[in-house]
Amino acid sequence: MDLGIRGKRALICASSKGLGLGCAEALAAAGVDLVMNARGAEALEAEAMRLRSEHGVGVQIVACDVTSPGGQAQVIDAAQGVDILVTNAGGPPPGLWSDWDREDFIKALDGNMLTPIAFMKALLPGMMDKGWGRVVNITSQSVRAPIAVLGLSNAARTGLTGYVAGTARQVAPSGVTINNLLPGIHATDRADALDGGVAAQKGVSIDEARAERAATIPARRYGTRDEFGAACAFLCSQHAGFIVGQNILLDGGATNLTM
Ligand code: NAP
């Protein structure tokens with residue numbers, strides 16, 4: 001399917017690996033020029049070079065922490081005039097409800113709620129002026145059903161979801177859509193880190209921890225970054241203009257919900 005976005009320009013935050021990279025790659029395959037970001041310059045430059053050569057698109061990189069005010073200013077400066085914004089950042093650490101203090105919550109809110117809001121606030125006006133734009137926020141299945149050990153994520157991402165629900169309906173008249181993609185478990189470094197924690201806690205191997213987790217998913221496997229990227233690219237396509245303010249679970253059926 002031709003996504004109809006060849007020649008557009010996209011910012012994909014936190015995109016040298018994992019789900020962000022999946023989104024960058026799928027957009028590059030659709031002919032979209034990219035601004036990519038991550039803290040580590042080496043992996044970012046390597047992936048940017050690969051996407052330039054494999055897809056023939058322009059790729060600009062900005063290596064910085066997207067959750068810091070200075071990093072946000074650098075990325076927003078490079079991304080002025082983009083047609084597409086994909087927000088993403090690392091997730092908060094796991095723990096117990098009784099572990100966290102105010103500072104832990106402030107950090108989680110900064111990273112997973114206020115950072116995407118800052119990007120939307122900065123880049124939505126340019127899209128609205130042009131009468132076309134797409135925003136996809138990478139959130140989590142924890143927004144639909146809480147994950148006990150990820151209380152910081154449950155809290156911060158649900159706050160973002162509320163903001164998006166109201167904002168998406170205010171920018172839609174200008175031809176701009178905002179939607180959230182809610183990943184369940186995908187085979188990325190983040191999943192490895194979480195599985196490593198479970199393996200250490202239970203005294204089993206990481207493969208055993210992974211197999212145990214996969215068995216709880218109706219699809220009986222983890223998602224891939226390519227599948228995730230394809231869903232993101234569709235939401236950014238010309239075909240998705242009537243999808244507004246939605247929260248789309250990509251979880252292999254893991255969240256047991258009727259709707
Ligand atoms: P990942 O494989 O660890 O990749 C994270 C990417 O983001 C890397 O490119 C990393 O590069 C970059 N990054 C992290 N923190 C950053 C920051 N502060 N500023 C700029 N770049 C940053 O993670 P992932 O699995 O793709 O997860 C992406 C998001 O989805 C996370 O918020 C995660 O919690 C959420 N999520 C993931 C899953 C899953 O199963 N994978 C499920 C639910 C939710 P650098 O380290 O070089 O900065």
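Sequence positions, counted from 1, serve as the residue numbers for this chain. Start at 1 and go down the list; that is how both ligands and their atoms are numbered.
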Peer 1: Answer yes or no: is there an ion pair linking Arg210 with Asp192, defined by an N-O contact shorter than 4.0 Å?
Peer 2: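 Yes, Arg210 and Asp192 are salt-bridged.
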Peer 1: Any donor-acceptor pair under 3.5 Å linking the side chain of His239 with the backbone of Gly4?
Peer 2: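 Side chain of His239 to backbone of Gly4, a donor-acceptor pair under 3.5 Å: no, none is there.
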Peer 1: Could you check whether Glu47 pairs with Arg52 (Lys NZ or Arg NE/NH1/NH2 to Asp/Glu carboxylate O, under 4.0 Å)?
Peer 2: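 Answer for the salt bridge query: no.
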Peer 1: Could you please provide the protein residues found below 4.0 Å of ligand 1 on a heavy-atom basis, arranged by chain and number?
Peer 2: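 Shell around ligand 1 (4.0 Å, heavy atoms): Ala14, Ser16, Lys17, Gly18, Leu19, Asn37, Ala38, Arg39, Gly40, Cys64, Asp65, Val66, Thr67, Asn88, Ala89, Gly90, Gly91, Ile138, Thr139, Ser140, Arg157, Pro183, Gly184, Ile185, His186, Thr188, Asp189, Arg190.
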Peer 1: Give the intermediate values and the outcome of ring pair (Phe, Tyr, Trp, His ring centres under 6.0 Å) for residues Phe228 and His186.
Peer 2: CA-CA 9 Å; Phe228 192 88; His186 282 69; 5.4 Å; yes
Peer 1: Measure from NZ or CZ of Lys8 to the centre of the six-membered ring of Trp132 and say whether it is under 6.0 Å with the direction within 45° of the ring axis.
Peer 2: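 Output yes; distance and angle both within limits.
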Peer 1: Tell me which one of Asp65, Val66, Val62 satisfies side chain to side chain contact (heavy atoms under 4.5 Å, CB included) with Gln74.
Peer 2: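 The residue from Asp65, Val66, Val62 that satisfies side chain to side chain contact (heavy atoms under 4.5 Å, CB included) with Gln74 turns out to be Val62.
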